[in-house]
Amino acid sequence: MELRHAGKGDFFSLWGRMLETARSQADGFGTAEFLAALSDTSAVHLVLDPQVEGRWDKIRDRLTDLGVTVVNAPTDQEFMAAALFHVAKANCLTGSYGFYNEPGALKLDGENCGPLSGGPIIDSVEGFNPQADGQAMFDAVKARCAAGQSVRYRTRDGRTLEAACPTEPAVPQAWRIVEAPSFGR
């Protein structure tokens with residue numbers, strides 16, 4: 001997109017130049033040659049450099065400059081995962097934690113997780129089915145955490161588990177491209 005926008009070809013012309021260069025060099029063509037073929041301001045550097053502060057915001061801004069419309073549009077599954085991981089992180093003191101999201105059975109997984117330990121199967125969190133109502137569940141968890149209240153999990157066997165939540169979870173970042181220009185050839 002950057003090349004097209006600047007009127008300097010497209011991916012295929014870049015690929016062709018890379019192959020030509022590779023044929024003329026004994027060592028072929030690698031990452032260094034690929035990066036050298038790009039401008040210093042190319043967003044590709046943001047993707048390949050692991051030390052970029054604010055990487056995703058800068059990539060989103062660069063895409064916007066190129067006429068691409070991106071929106072943060074997390075799915076119910078992404079909202080569910082964000083809430084579950086946020087509360088687990090606050091309660092699981094050591095070791096790993098997570099969950100198994102199988103049809104009809106959301107099973108928490110983690111040792112040393114206080115009330116969330118023991119692999120309980122969860123039917124609801126704050127009254128919402130996490131597998132069907134992820135965003136509503138996230139919003140309820142966020143409100144409870146913002147108020148410094150515990151988050152309530154209802155288990156398959158009828159127990160109510162209350163897990164501490166001292167800070168509110170961040171909205172998950174799941175950027176989606178909704179519109180992109182066609183620069184033509």
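Between Arg159 and Pro120 the shortest heavy-atom distance is NH2-CB, 4.0 Å.
Remark: Asp123 pairs with Arg156 by the side-chain hydrogen bond (donor to acceptor under 3.5 Å, both in side chains) rule, at least two apart or across chains. Every side-chain hydrogen bond (donor to acceptor under 3.5 Å, both in side chains) that Arg176 has, sequence neighbours left out, goes to Glu78. Taking Thr155 as the reference, Asp157 meet the side-chain hydrogen bond (donor to acceptor under 3.5 Å, both in side chains) condition, with sequence neighbours excluded.
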Could you list the donor-acceptor pairs under 3.5 angstrom formed by side chains in residues 80-95, with sequence neighbours left out?
| residue | atom | partner | partner atom | Å |
| --- | --- | --- | --- | --- |
| His86 | NE2 | Thr167 | O | 2.5 |
| Asn91 | OD1 | Ala164 | N | 3.2 |
| Asn91 | ND2 | Val87 | O | 2.8 |
| Asn91 | ND2 | Ala164 | O | 2.8 |
| Thr94 | OG1 | Asn112 | ND2 | 2.8 |

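Sorted by first and then second residue, the side chain to side chain donor-acceptor pair (under 3.5 Å) pairs with a member in residues 128-143 read Asn101-Gln131; sequence neighbours excluded. Pairs passing the ring-ring contact (aromatic ring centres under 6.0 Å, His included) check and including a residue from residues 102-127, sequence neighbours excluded, do not occur. Judged as a side chain to side chain donor-acceptor pair (under 3.5 Å), not a single pair has a partner in residues 63-73 (not counting sequence neighbours). Residue pairs that meet the ring-ring contact (aromatic ring centres under 6.0 Å, His included) test with at least one member in residues 119-175, sequence neighbours left out, are Phe79-Phe138. Listed by first and then second residue, the salt bridge (Lys or Arg N to Asp or Glu O under 4.0 Å) pairs involving residues 109-119 amount to none (not counting sequence neighbours). Sorted by first then second residue, the ring-ring contact (aromatic ring centres under 6.0 Å, His included) pairs that include residues 51-70, not counting sequence neighbours, number zero. Sorted by first and then second residue, the disulfide (SG to SG under 2.5 Å) pairs with a member in residues 141-170 read Cys145-Cys165; sequence neighbours excluded.
With a 4.5 Å cut-off on side-chain heavy atoms, Leu106 and Tyr100 do not count as touching. Pro181 has its side chain within reach of Val68: a pair of non-hydrogen atoms, C-beta onward, lies under 4.5 Å apart.
We find the OG1-CZ distance between Thr160 and Arg154 to be 4.0 Å, quoted to the nearest 0.5 Å. With rounding to the nearest 0.5 angstrom, the CD atom of Glu53 is 10.5 Å from the CZ atom of Arg55. To the nearest 0.5 Å, atoms OG (Ser42) and CZ (Arg62) are separated by 7.5 Å.
Hydrophobic cluster membership differs between Val141 and Val171, with clusters built from Ile, Leu, Val, Met, Phe, Trp and Tyr side chains linked at under 4.5 angstrom. Transitive grouping of hydrophobic side chains (ILVMFWY, heavy atoms separated by less than 4.5 Å) brings Val47 and Val52 into a common cluster.
Other residues sharing a hydrophobic cluster with Val178 under the 4.5 Å side-chain heavy-atom criterion for ILVMFWY residues are Val71.
Comment: Asp57 engages Arg60 in a salt bridge, judged by a side-chain N to carboxylate O separation of less than 4.0 angstrom. Looking at Lys107 and Glu102, no side-chain N of the basic residue comes within less than 4.0 Å of a carboxylate O on the acidic one, giving no salt bridge. Ion pairing between Arg152 and Glu162 fails under the 4.0 Å rule for side-chain N and carboxylate O.
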Could you walk me through whether Met137 and Glu126 satisfy the side chain to side chain contact (heavy atoms under 4.5 Å, CB included) test, starting with their C-alpha distance in whole Å, then the side-chain angles of each, then the deciding distance to 0.1 Å, before giving a yes or no? CA-CA 7 Å; Met137 182 200 86; Glu126 287 304 319; 5.6 Å; no
